[in-house]
Amino acid sequence: VTIEDEVRTMLRTRASDVQPADDAWARIESRLGTSEVAARRQPRRVLAAVAVAAAVLVGAVVVGVSDDDAPTSVVTPVTVDDESLPPHLWAAPEGTSLDEAAAEFISARVREGDVPVTTESTFDGYATARVTGRGVETELAMRDVGGRWLVIAASSDLVPIHGPRYDGRAFAADVVAEIPGQLDLLVRAVDEGDSVEAFTGVFSGRVEPRQEVPVHHDRGNEPGIGLVAKLVAADGTIAYSEVWAAKEADPAVPTAAIVSLWPTTDAAGLDVLQQQAARGQRPDLLDPQLVARNYIDEFVRPGGVEVGELEPTIDPGTSWVGYQLAGGHGSVLLRRHGGERGIWYVTGATADIVEIVDVRAAVSAGALHVEVDVGLPATTVDVTAWVGGRGPVRQSAPAVSHTTPQAISIPGAQDATLLMVVVRDGDTVLGIAARHVG
Amino acid sequence: MMTAVWEEPLAELYRERYEPMVRLAYLLTGDRAAAEDLVQDAFVNVHRSWGRATNPSAYLRAAVVNASRSWGRRRSLELVRRPPAPEHPTLVSDELWDVLHTLPHRQRAAIVLRFYEDLPDARIAELLECREATVRTAIHRGLAKLRKEIEP
């Protein structure tokens, strides 16, 4: 008897002992059902991932559902054992390695026991851990903080959370159950002072395939809100998604340097507006001509001013449109925030009859000195300067001459970042010029 | 068992190939539960690729072999942290079997595909994504190790 013969006999003997489970086909059918759904959901999965990433980066959102008979609350010790960590990062007690942290999170949040974790990718302190099979379907977004791996968010194609957002008063999102099962949605809030996290049930019930569950949960004065979506399928598989949304800044209340004349806001405000546009809430900001017209309506003359075509520049992120005023031709300068789907905002304006010749910050005097050249007889020169996160500082002066530049001083505007000059003849706006300072 | 039109071709493949593939996966992994999981995943992959795969049966076997290799990698990582669970107690201890599963994946897979599936070198080389000479080397080295371990 050769070794080859022995091996052949051994293999056949071992193989003959294997009898597949009776429910194998049912399991395949179940997996096919979920994989079909997952395949259909790929594009939305990407969007969901982007939304989650944006929520994490910008401080956006989480879930919320309203269901009168659902609310229940569970308060547990917070899993973040380091007070220096922000509450949307969930530390695992033994999570010094990526796999361990993922396993600890699954054990604490989803299901206890041995669940296989596959690290999909790691890059620059961030990683994705895929948890699939053995009754759990989810993907964890993770981050390395000081040598400890923390979970940032969880997402499952089977129960995606779309558009989570929290404005400081209410949380809203849309949850989709891609397969039938028992769906439970819980809003998560973290009280950092008491080191506890509270889960409030906002929806609990059976759902049909592709059923959308809108979530709206009133809750104020939180730094952020989280949403947990747990869908248990007929075969016991648990699909799990969880996201955190920090309170959105109010773009109308800028706290930093103003970078946009219209909508008048700071960089963080532009980020929020971009999120809103991505959710379909601010389609006007995706139309540069409409943005220019709105700027003119607000600062120059409400209604009646037609703007021209969008004029391209070398930089695809900038453009301008022309318009006609009583004093001649004018242009509104526009910039796009982000890429092809970025919102447009106004960064400046030019006009034939007015030019900002010079701008100097007089720190010792606590003022901004502006030199303006007015090309037509006018009655008034109005100067508006935006300083940091404060409201605009305005100075109005009589138009002295249209043959020599006119100096205007604006007290308290020495740190201004944006400046706008409007030249009037009585109530008629002749021209407008605006630019960044410095 | 069959419920939908789209399932019928897959069901036919299931009837013919599910059990042989579970046995193959078991020989490659040494784990019954994992073998069934891997083969069920392979059927899902076959279904997704239906229409693109010219030979679904061959595609299925390749998927099982690849999945077994991936499973082995994951398993080796898990074993670093956790001792292996005792293998099914209904089978008697088999020294040859035990040694087979200490072999590197390529050697073990080459031996299983040659002596259980009776595949030629060229086909094994395709499945293992290597040259035929590498297949012959893997089988030679694997058998040598088995022979050495079981000889008194």
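Just so we're on the same page: letters track the sequence lines, and every chain starts at 1.
Scanning both residues, B/Asp118 and A/Arg12, for their nearest heavy atoms gives OD2-NH2, 3.4 Å. The shortest heavy-atom contact between B/Leu27 and A/Leu11 is CD2-O, 3.7 Å. When all heavy atoms are compared, the tightest approach of B/Arg32 to A/Asp17 is NH2-O, 3.5 Å. Closest approach of A/Trp25 to B/Tyr14, counting heavy atoms only: N-OH, 3.3 Å. Closest non-hydrogen pair, B/Leu10 versus A/Ile28, comes out as CD2-CG2, 4.5 Å.
Between the side chain of B/Tyr26 and the backbone N or O of A/Val18, no donor-acceptor pair lies under 3.5 Å. The closest donor-acceptor contact from the side chain of B/Glu36 to the backbone of A/Ala24 lies at 3.5 Å or more, if one exists at all.
For CZ of B/Arg141, the number of neighbouring non-hydrogen atoms (other residues, nucleotides, ligands) closer than 6.0 Å is 12 at most. Atom NE2 of B/His140 is surrounded by 12 or fewer heavy atoms from other residues, nucleotides or ligands within 6.0 Å.
Chosen from A/Arg27, A/Arg8, A/Glu4, the residue pairing most often with chain B at heavy-atom distances under 4.5 Å is A/Arg8. When the candidates B/Leu146, B/Leu96, B/Val22 are compared by the number of heavy-atom contacts under 4.5 Å with chain A, B/Leu96 comes out ahead.
Contacts between A/Ser16 and chain B at a heavy-atom distance below 4.5 Å involve the backbone alone (N, CA, C, O). With a 4.5 Å cut-off on non-hydrogen atoms, B/Ile111 touches chain A through its backbone and its side chain both. Heavy-atom distances place both the backbone and the side chain of B/Val112 under 4.5 Å from chain A.
The distance from the OG1 atom of A/Thr9 to the CZ atom of B/Phe115 is 11.0 Å, given to the nearest 0.5 Å. Put simply, OG1 on A/Thr2 and CZ on B/Arg147 are 8.5 Å apart, with the number rounded to the nearest 0.5 Å.
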Apply side-chain contact (heavy atoms from CB on, under 4.5 Å) to residues B/Glu19 and A/Gln19 and explain how you reach the verdict.
CA-CA 7 Å; B/Glu19 188 171 316; A/Gln19 295 300 323; 4.3 Å; yes
